[in-house]
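Along the sequence shown, the residues carry numbers beginning at 1.
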Amino acid sequence: MSVVNADDAPSVTQRIHSVTGDRDAEAKALAEHSDDRVDEEDAELAVARAHGDVTGGPTPHRDPEDLADPADARAAHEDRASPST
């Protein structure tokens, strides 16, 4: 994860849910920390990608300790908004 500013870093709440393995709560925390365009489905996709549960997309799984950040959630939103044919 390359952090441009603190707003794009995963929140403490998201980090806690990641450690406990609660992906739904982690995604909800990410959605709340992201801009208004990102909904929970976008965040769920970003979290799944970050944990390696989904392949493909602009942010492939890199490291088990990587967490999805708001930039990943925005990318997931864009992917869902314009599905490939």
State, to 0.1 Å, how close Ala46 and Ala68 come at their nearest heavy-atom pair, and which atoms those are. O-CB, 3.5 Å

Tell me whether Glu41 is salt-bridged to Arg80, with the criterion being a basic N under 4.0 Å from an acidic carboxylate O. yes

Could you measure the distance from the CG atom of Asp42 to the CG atom of Asp35? Nearest 0.5 Å is fine. 9.5 Å

Could you list the residues that satisfy side chain to side chain donor-acceptor pair (under 3.5 Å) with Glu32, not counting sequence neighbours? none

On a heavy-atom basis, which atom in Asp22 and which in Ala25 lie closest, and how many Å separate them? OD1-N, 3.1 Å

Using the test side chain to side chain donor-acceptor pair (under 3.5 Å), find all partners of Asp24 that sit at least two apart in sequence or belong to another chain. none

In terms of heavy-atom contacts, Ala9 and Pro70 come closest through O-CD, 4.2 Å

Minimal heavy-atom distance between Leu67 and Asp72, with the atoms involved, is O-OD2, 3.9 Å

What are the two closest heavy atoms between Arg49 and Ala76, and how far apart are they? NH1-CA, 3.9 Å

Which residues satisfy the side chain to side chain contact (heavy atoms under 4.5 Å, CB included) test with Ser11, sequence neighbours excluded? Thr13, Gln14, Ala29, His33

Go through it in stages, so that I can follow the logic: the residues are Arg23 and His51, the test is side-chain contact (heavy atoms from CB on, under 4.5 Å), and I'd like the CA-CA distance, side-chain angles, deciding distance and then a yes or no. CA-CA 9 Å; Arg23 297 277 208 288; His51 287 288; 3.1 Å; yes

Taking all atoms of both residues into account, what is the closest heavy-atom pair of Leu30 and Asp69, and its distance? CD1-C, 3.6 Å

Show, in sequence, the C-alpha distance, side-chain angles and deciding distance for Glu26 and Arg15, and conclude whether the salt bridge (Lys or Arg N to Asp or Glu O under 4.0 Å) test is met. CA-CA 7 Å; Glu26 182 182 352; Arg15 291 176 188 276; over 6 Å; no

Run the salt-bridge test on Arg74 and Asp8 with the 4.0 Å N-O cut-off and return the result as yes or no. yes

